[in-house]
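Here the structure is laid out as structure tokens; the discussion comes afterwards.
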Protein chains: 2
Amino acid sequence: MGELDAVLKEKGVKLTEQRRRLLEKALLQHKHFSAEELYETLRQKRAGISRATVYRTLKLLAAHDVLDVHDFDRGYHLYESRLGRHHHDHLVCLKCGRITEFENPDIESEQEKVARHYHFKIVSHSHKIYGLCHRCRVGN
Amino acid sequence: MGELDAVLKEKGVKLTEQRRRLLEKALLQHKHFSAEELYETLRQKRAGISRATVYRTLKLLAAHDVLDVHDFDRGYHLYESRLGRHHHDHLVCLKCGRITEFENPDIESEQEKVARHYHFKIVSHSHKIYGLCHRCRVGN
DNA sequence: CTCACTTTGAGACTGAGTCTCACTTTCATA
DNA sequence: TATGAAAGTGAGACTCAGTCTCAAAGTGAG
Ligand SMILES: [Zn+2]
Ligand SMILES: [Zn+2]
Ligand SMILES: [Zn+2]
Ligand SMILES: [Zn+2]
């Protein structure tokens with residue numbers, strides 16, 4: 001966590017006690033998680049962090065590129081740590097909800113071509129493919 | 001509108017008076033619109049359609065592929081008619097909100113490769129590139 | 001007609017996320 | 001160590017897009 005501490009300090013983000021406790025849990029989650037899930041986990045561990053702080057901190061971390069935020073049409077956001085990970089996009093199963101990650105350099109570079117064509121400066125992008133995953137296809 | 005009538009009938013969707021009035025307005029919008037915007041327009045024209053019916057009908061039309069629904073991180077959805085249009089994806093300006101459409105066959109076919117690789121059956125996809133549009137870059 | 005089925009509207013309700021504001025913590029400077 | 005401005009926090013009120021309820025109205029086959 002010392003590394004993270006440094007990363008955040010560099011960005012001018014104070015690592016308060018609440019934020020440290022939140023990060024400890026958030027970074028352990030090896031998959032996508034929601035604000036409410038995280039809040040509930042922290043509440044049960046008596047971590048002493050309010051719902052407001054959970055939402056505020058997740059937003060802050062996302063703004064500083066420590067977390068990615070995803071909207072998979074569930075009515076709430078899912079978060080995912082970016083630390084030590086490559087950019088990737090997602091396949092979302094409409095039946096079981098399973099999320100599969102993929103990386104495709106050709107798509108990434110085509111995007112840049114598109115942006116160049118429109119004189120558009122890319123800041124981020126979101127590419128989601130919805131459908132049926134391997135397991136869910138079988139029954140169809 | 002006779003064509004649309006046929007399209008809907010075929011899908012088992014009754015074209016009631018309210019739905020017809022909603023479609024009349026929705027299909028005239030040549031750009032992306034929100035449910036509230038549409039409701040407000042209809043209300044001002046005294047079209048006699050409730051908010052509940054607007055939301056219900058938009059959902060119904062989206063389910064039958066008459067409309068596309070987009071989430072551009074505004075906290076509400078935008079809709080767009082699919083009738084007589086090609087599939088396209090979007091560039092979204094973070095500063096002025098402008099939405100630009102693009103079509104890129106290479107990205108589309110790479111997506112299919114990705115899906116094939118994961119034995120995933122694509123139903124739909126959403127590809128959004130966020131950043132600064134041509135006009136907004138100038139000031140930066 | 002008639003009866004079952006569908007659609008509609010007014011307004012209550014939901015739920016993720018934000019805001020307020022009094023209180024606490026942090027930290028630079030004295 | 002003292003001090004005060006600035007930043008962070010918690011409880012709970014609030015927002016607001018979207019959904020639900022249920023009584024009333026429309027539709028349509030027989
Ligand atoms: Zn990507
Ligand atoms: Zn991911
Ligand atoms: Zn596409
Ligand atoms: Zn579009």
Side-chain angles (χ1 to χ4, degrees), chain A residues 4-6 8-26 32-64 66-80 97, chain B residues 5 8-26 32-64 66-80 97:
Chain A
L4 182 59
D5 199 307
L8 291 175
K9 272 233 171 62
E10 181 191 334
K11 292 177 176 176
V13 177
K14 277 189 205 163
L15 191 53
T16 65
E17 204 35 47
Q18 282 90 337
R19 290 176 184 171
R20 186 189 300 282
R21 291 199 290 259
L22 185 149
L23 272 163
E24 235 166 61
K25 283 281 163 287
H32 312 83
F33 60 93
S34 72
E36 288 296 324
E37 264 166 45
L38 182 60
Y39 170 61
E40 190 52 27
T41 303
L42 291 166
R43 207 180 56 72
Q44 282 174 10
K45 303 265 190 219
R46 306 267 187 285
I49 303 181
S50 70
R51 178 180 269 106
T53 295
V54 169
Y55 277 96
R56 273 191 295 237
T57 305
L58 289 175
K59 202 174 188 180
L60 181 76
L61 295 171
H64 287 86
V66 175
L67 298 178
D68 262 343
V69 194
H70 304 297
D71 184 329
F72 292 130
D73 294 349
R74 295 188 181 194
Y76 53 85
H77 293 136
L78 291 185
Y79 296 84
E80 162 175 43
Chain B
D5 199 306
L8 292 175
K9 272 234 171 61
E10 181 191 332
K11 292 176 176 176
V13 178
K14 275 189 207 166
L15 191 54
T16 64
E17 204 35 46
Q18 282 88 338
R19 289 177 185 169
R20 186 188 301 280
R21 292 199 290 259
L22 185 150
L23 272 164
E24 236 166 62
K25 283 280 163 285
H32 312 83
F33 60 93
S34 72
E36 288 295 325
E37 264 167 45
L38 182 59
Y39 171 59
E40 189 51 28
T41 303
L42 290 166
R43 206 179 57 72
Q44 282 174 10
K45 303 263 190 219
R46 305 269 188 284
I49 303 181
S50 69
R51 177 180 269 106
T53 294
V54 169
Y55 277 97
R56 273 191 295 236
T57 305
L58 289 175
K59 202 174 190 180
L60 181 76
L61 294 171
H64 287 86
V66 176
L67 298 178
D68 263 344
V69 194
H70 304 297
D71 184 328
F72 293 129
D73 294 349
R74 297 189 181 194
Y76 52 85
H77 293 136
L78 292 186
Y79 296 83
E80 164 175 40

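Naming: A, B, ... by sequence-line order, numbering from 1 per chain.
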- Show your working on salt bridge (charged side-chain N to carboxylate O under 4.0 Å, His left out) between B:Arg20 and B:Glu24 and close with a plain yes or no. CA-CA 6 Å; B:Arg20 186 188 301 280; B:Glu24 236 166 62; over 6 Å; no
- Give the rounded distance in Å between these two atoms: CZ of A:Phe72 and P of C:dA16. 17 Å
- For D:dG18, does OP1 or OP2 lie under 4.0 Å from any side-chain N or O of B:His77? yes
- Please give, in whole Å, the distance from C:dG15 P to A:Glu36 CD? 11 Å
- Item | Protein-nucleotide distance (A:Lys59, atom NZ; C:dA16, atom C1'), rounded to Å | 12 Å
- Query: Given that both pair distances must be under 3.5 Å and the pair must be Watson-Crick or G-U, what runs of three or more consecutive pairs involve DNA chain D?
  - Reply: C:1-30 with D:1-30
- Message: Assess the residue pair B:Thr53 and B:Leu22 against the criterion (side chain to side chain contact (heavy atoms under 4.5 Å, CB included)); give the C-alpha distance rounded to whole Å, side-chain angles, the decisive distance to 0.1 Å, and a yes or no.
- Response: CA-CA 9 Å; B:Thr53 294; B:Leu22 185 150; 5.6 Å; no
- side chain to side chain contact (heavy atoms under 4.5 Å, CB included) partner of B:Phe33, the single match among B:Leu78, B:Leu58, B:Thr41: B:Leu58
- Item | Steps toward side chain to side chain contact (heavy atoms under 4.5 Å, CB included) verdict (B:Thr57, B:Gln18) | CA-CA 9 Å; B:Thr57 305; B:Gln18 282 88 338; over 6 Å; no
- State, yes or no, whether a side-chain contact exists between B:Glu17 and B:Arg21 at a heavy-atom distance under 4.5 Å. yes
- Task: Give the rounded distance in Å between these two atoms: CZ of A:Phe33 and P of C:dA16.
- Result: 16 Å
- Decide yes or no for B:Leu23 and B:Leu15: does some side-chain heavy atom of the first lie under 4.5 Å from some side-chain heavy atom of the second? yes
- Task: Measure from CG on A:Leu15 to C1' on C:dT25 and round the result to the nearest Å.
- Result: 14 Å
- Which residue pairs pass the salt bridge (charged side-chain N to carboxylate O under 4.0 Å, His left out) test with at least one member in residues 41-52 of chain A, sequence neighbours excluded? A:Glu36-A:Arg51, A:Glu40-A:Arg43
- Task: Specify the closest pair of heavy atoms between A:Ala35 and A:Tyr55, including all atoms of both residues, with the distance to one decimal.
- Result: CB-CE2, 3.6 Å
- Given atom CG of A:Asp71 and atom P of D:dA17, what is their separation to the nearest angstrom? 16 Å
- Task: Would you confirm whether B:Arg19, through its side chain, and B:Lys14, through its main-chain N or O, come within 3.5 Å as a donor-acceptor pair?
- Result: yes
- Any chance you could list the contact pattern along nucleotides 6-12 of chain D? Use B for base contacts, S for sugar-phosphate-only contacts and - for none, protein heavy atoms under 4.0 Å, 5' to 3'. -SSBBB-
- Atom CG of B:Asp73 and atom P of C:dT18: how far apart are they, to the nearest Å? 12 Å
- Query: At under 4.0 Å, does any side-chain N or O of A:Tyr55 touch on OP1 or OP2 of C:dG17?
  - Reply: yes
